[in-house]
Amino acid sequence: MSAKPLLQARGLIKTFGALVATNNLNLEVHPGEIHALIGPNGAGKSTLVAQLAGELPPNSGRILFDGADVTAADIPARVAAGLVRSFQITSIFPQFSALTNVAMAVQARAGHSFRFWKAAGTDPRLVDPAMALLDQVGLGSLAGTPAGEMAYGEQRQLEIAMALATRPRLLLLDEPLAGMGREDALAIIELLRSLRGSYTILLIEHDMDAVFSLADTITVLVYGKAIATGRPDEIRANPEVQQAYLGQEAHPREVQHA
Amino acid sequence: MLEVKGLEAGYGGCQVLFGVDLRIGPGEVVSMIGRNGMGKTTTIKAIMGVVKPRKGEVSFCRQSLHHLPAYKVARCGIGLVPEGRQIFPNLTVEENMVATATKGEWTLHRVYELFPRLRERRTNLGNKLSGGEQQMLAIGRALLTNPKLLILDEATEGLAPLIRSEIWRCMAMLKRQGQSILVVDKNVDALIDLGDRHFIVEKGRMVWSGDSAQLTRAGDIRQRYLGV
Amino acid sequence: KVKIGFISTFSGPQGVLGRELMDGFSLALKNLGGKLGGAEVTVIQGDDQGKPDIGVQLAEKMVERDKVDVVTGINFSNVLLAVAKPVLDSKTFLLSINAGPSQLAGKDCNPYYFNVAHQNDNVPEAMGQFLTAKGVKTVYLLAPNYPAGKDMLGGFKRFFHGRVVGEVYTQFNQPDYAAELAQIRQAKPDAVFFFYPGGMGINFLKQYAQSGLKGQVPLYGPSFSLDQTILPAVGDAAVGTFSTAFWSETANNKANKKFVTDFEAAYGRIPSPYAATAYDGAYLLDAAIKAAGSTKNKDALRKALETVKFDSVRGKFSFNTNHNPIQDYHLYEVTKDSAGRLINSYRSEVFTEHKDAYSTTCTM
Amino acid sequence: MAKSISPRAVLGLLLALALLALPPVALSLGEPFYIGLASRMLVFALAAMSLDLILGYGGLVCFGHAAFLGVGAYVVGILGHHAAEQTLLFGILPGTTSGWVTWPLAMLCAGFMAFLIGLVSVRTQGLYFIMITLAFAQMAYFFFVTLKGYGGDDGLSLGQRSTFSDLVSLRDKSTFYYVTLTMAVLVGGGLIKVTRSRFGMVLRGIKENERRMLHIGIPTFRYKVAAFTLAGAVAGLAGALLANQANFVSPAMMHWTRSGELIVMVILGGMGSLLGPAAGAVVFLTLEEVLSAYTEHWQIILGPLLILVVYFARQGLYGMLPRRRADR
Amino acid sequence: MGIFLFAEQVLNGLQLGTMLFLMASGLTLVFGIMNLVNLAHGSFYMMGAYFAATLFKLTGSLVLAAAGAFVGVLVLGMALEIAILHSFYRRDHLDQVLATFGMILFFNELVRMVWGPQAYFLALPEALNGSVELIPGAPYPIYRLIIIVAGLTVALGLYLLISRSRIGMLIRAGASNRTMIEALGVNIRVLFTVVFGLGAALAGLAGTMAGPLLAVQVGMGDSVLITTLVVIVIGGIGSVRGAFLASLLVGLSDTFGRMLLPASLAEMTIYILMAVILYRRPQGLFPAHG
Ligand SMILES: Nc1ncnc2c1ncn2[C@@H]1O[C@H](COP(=O)(O)OP(=O)(O)OP(=O)(O)O)[C@@H](O)[C@H]1O
Ligand SMILES: Nc1ncnc2c1ncn2[C@@H]1O[C@H](COP(=O)(O)OP(=O)(O)OP(=O)(O)O)[C@@H](O)[C@H]1O
Ligand SMILES: [Mg+2]
Ligand SMILES: [Mg+2]
């Protein structure tokens, strides 16, 4: 693992009224790794992602991305720097075709959207890379289908394709497997595995099969605090984590289906 | 208790259910399993009267639910934990639960015992909850209607493993108390532990049914229809 | 054949004005056997809703599509000013039977524009004159914020020599005057002079009485603030109020007696000055068209309009060089008649053969 | 675009012919009035298209669009007023009736105003956006009411129509009609092009899912402001044309009911299609004209008619046309 | 400014404010809570005024007229909801705008046909026509005082109904997710019809009370509608508490604006107020949904 972390959160604090959702949190994500974030419901995982992505301002603390302080940067600026999130609840452009969905993201990455004249729908500089990405996530055959009519799992794949189209350096994935059947979930897990190395990923997931089979590093969040960070086997063995989060589901019978 | 025969339903132009049959006896826990998009949720919606059935019969406690509006179905004693939680975002946690509560065994106090997290977040608005907290709330809300039949559609989705097993435990307890339950979940192992009988839905039809023992043995069936 | 375009405000709080004008005009037409100067008359009616832009659209349509000979009926000065351009540009006669904006009496006067009613300044001028003579020291002025409002208060100030302690222009068609009334109470003037025609007048008078100001500060207005479109709705709250006017329902001449009797018989109510001037307008047209032979020769018709004599319900009437009236102005007081209805009773003469202040700036 | 002759193409061709032939036909029937009416319709078609750009494509429901129309009209009106009175605007600028100056200036002023209003309002969402644009329009309305020097409430009559060169005299109804038609076609065509460009894609994306746009790295704020500005400028042009058509400008042009009517035109025609709203404008004004000729109480017919249209034709009139496969 | 003038203007502002609140409360319920943009709300105001005017002419009793108008508009509102509007709850806001705009046209014309285009002016019974001296030396019209009291009473009742009662919870829940509340056993259809009717009736009540003060005329609801929209937006759409505070705020600033500013500028006051508030708080003062 390289020395310099890609993303660093330092002393991050976020409160909602009396509730401390993020409690003096320190987190480091290193380039190329899949870093999983787990923790009980309401531990503050989504809140953390929202802060990293620029949707929620932290009360205090700093967020460093690739060495630069992005704590005050707005969402598009972070995306431009390569810090991109996907959503727990599918967020796509339902009326657009799958291709257009991705092309939109390609266009965003290309900058220059203040172009008023040339037709965008047929511009090969947008369409070609978009098509390539759809193929990569296995949606090539559905390019023309309106995204809203696609199956749930396919929408999740599309969502990842869109995220990839913005050429992220760090992907924040909030429960990418939510609501997905075993088969679809396996497809996404495969997809994520294929991305390992070329992208850095911060993954939030309650599906322990996925987490333990994908993650290089796991951080456990409880009441806004990171109570443990380490390799999957270290985390699984950690009694504190078992007590606060895993309970009996870490039971081997469940894991063997992975 | 609940009897579904030859149910057909769909959305607008596209038919989703092509003759679903389902039976739940009193005190029974029955599961519906199947891959994504096979029509489990649609079946539940059709039972609830949220989606109007095109054909077939649905009866509950020997009363026909045919073409009853959703609220009447619910008043017959069916409690729903819907897919996607469907919390009321502009009500507080407590309001979400008491708004539709009816008198019975389940009280606010008992739900708070079950989910202490909800008590902590009592005055939070529904949309200010974490995903898992919303899921707990949805279950609590359904319990508080004190239903004769509880329907859970992917109720463990997005819950932490600890809570998830808590929910399974809770369902087992309900079962012991004689509560009838229809449950949809993707965790087949847990369903086998809990359920009396299981139905596999494939492309809008019931393609298999049997008890837990049968399902455990039918590895080929599981492989074919569930991919596990 | 004669085609008349009759644009007026028929709806809304000021809808009564259009009705009065139309009724007065129709009554005259009926008396004239449905003819003007012997020619069959078609009247095309349009509701401007008191809005200049709608007035303009109506006028254009009437001039271009219906090709009317005369446009008349307009009750609001702002509408008249807006309508003037398209109508006069097409050399169509524009006969005002109520509104009398100073602009059209002065620098914007036009050979095709005639005003058979009054110039806006004149009636308040008479009240200014009267209050000065009466020795009133301080006065509070109110009017809606539109050309006639400006003209009216301007006219008042031209002849009033005391101090104006407040001059308020309210939004046109403002329904609620609570804020203004509070300020009057604060200013404690000797008198209030207000110009609020139609519905505005009703609301103002009612609220004035409700606020308890009525017993404290006397109200004065031009006849348009206290005429028969207002008095029945206001009731006793108006009794004892003074106004100035060139005409009243009690004016004592033969033409007027017939007019008031006929009007009451036809419509079951006492006419207002609007009906009176509209009635006069029809008689003027009748006489002029008769004199000119037809409406086809526009020059002849214009000459005829300038000079022709007709039986005015006001008694003496003639046109000044700017086609605005020269007439007498009187003081009236609101009293009850034998049937208990409110009427304007004659009190004194203020001006005789009074001319407006703008005729000198008119060059035609 | 159509390779074989589609019903759409036939429809388009017929429409083009009808538009071109209208003035001579009206003149030969001795009804020049209808040329003016048609010009008015074209002006509103242009205004409706400009509103559709932000409403139909960007999802920005502007309830104050008439303000831009009014500002454009007042630029023409005020400069014309100073030209007629031979006075200076702000004590330095001479008035003019030259369309070369006033029309672009109308666009510029309306565009700039839209820019400022956009800066403030696009931060809000949904109904709040509707209302804040209404608020600004009302302010503009009352601002012009305050300008007693230019007639205030009562409006301002134009001394003459805008002048271009000796070749085109807008005084002539037919010429004015053709100029308006050209403007509507050119600008409308331009708008269509814009909606298909990258910028247009961004706009649609914002309407569809603004949050997602942010997360693919598009700073939506500036695009919304830009679209708002563009729409304002085009509405300003429509305003300049409207001032010429009516020979009269007044604050009533920016009254909220006007803005409401513009929205009605857009929805009636089918939002997000540009051509639909243009047709919506024509249909709305025609209905008004036809029904009002038929009965004084025409609104009692128009009202329920509108309800029926929304009820049955969800995509407006445009949605009832024979369709190409959706090209989104 | 003297203390009397100030006090009187404050009362004037309150009176305008409570009047607006009667309108705004109904609209904010329908608008924010039931998610229906109802431009025809102003028409209910107008219908209330006309019903009351007619009943008043027939019976001569203001109380009877007010009660009759309240019931009349209640029924009218519910009928309209059942016949047309209920199918618009799930539709786009713009569709709702267009449909209810159509209703405005319809009602205005209907009134013009039935009652004629001219305005009605109602006279108050003698007992209400005078003024009382709340503070010695500063008389204030009795009728306006009645409006203030009535408005405040309704405000309190509504607040309790919406934010404290179970009915209120159900209404709010139904607004955000109709299907779900039905699946939990609530007949939301009837509930919404009743709430819609109630909102309409409150608007009708406002119209009834405005009648004797202002004028009963075609289109009287249109300008009130706009002011009401301003109020509910300032207050935060869907918040009855917000609507209440915003009503008073708008009433007071309008009254004082009129006194302190030149005429047209005064008309702008409330719009400037709204723009400033929305700039600082894009969701209004009391955003109802997080
Ligand atoms: N806007 C908000 N206002 C108030 N409280 C909030 C808000 N958003 C989140 N919370 C609270 O903050 C806590 C952390 O929420 P968060 O969504 O980050 O949890 P999470 O770790 O993602 O949980 P889950 O696994 O269930 O999704 C929760 O208790 C939630 O109720
Ligand atoms: N509102 C809708 N409109 C149109 N089609 C729908 C709608 N909801 C579901 N469908 C379609 O109906 C089919 C069955 O969906 P359903 O939600 O019943 O599946 P499911 O078995 O519950 O799947 P999952 O495991 O994903 O929840 C799917 O093909 C889906 O695309
Ligand atoms: Mg979460
Ligand atoms: Mg499902």
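Residue numbering restarts at 1 for every chain, and letters A, B, ... go by the order of the sequence lines.
The one candidate from D:V122, D:L230, D:V120 that meets the side chain to side chain contact (heavy atoms under 4.5 Å, CB included) condition with D:V225 is D:V122.
Looking only at heavy-atom pairs under 4.5 Å with chain D, the residue among A:A165, A:S91, A:A77, A:A105 that has the most is A:S91. Counting heavy-atom pairs closer than 4.5 Å to chain D, the top-ranked of the candidates A:L126, A:I92, A:N101 is A:L126.
For A:E55, the part lying near chain D is the side chain, with the backbone staying farther off; criterion is any non-hydrogen pair under 4.5 Å. Heavy atoms closer than 4.5 Å to chain D are found nowhere in A:P168, neither backbone nor side chain.
A donor-acceptor pair is defined here as one N or O able to donate and one able to accept, closer than 3.5 Å; no such pair exists between the side chain of A:Q136 and the backbone of A:A161.
Ion pairing of A:E175 with A:K45 is absent here, as no side-chain N (NZ or NE/NH1/NH2) approaches a carboxylate O to less than 4.0 Å.
Taking a 6.0 Å sphere around CZ of D:F221, one finds it holds more than 12 heavy atoms contributed by other residues, nucleotides or ligands.
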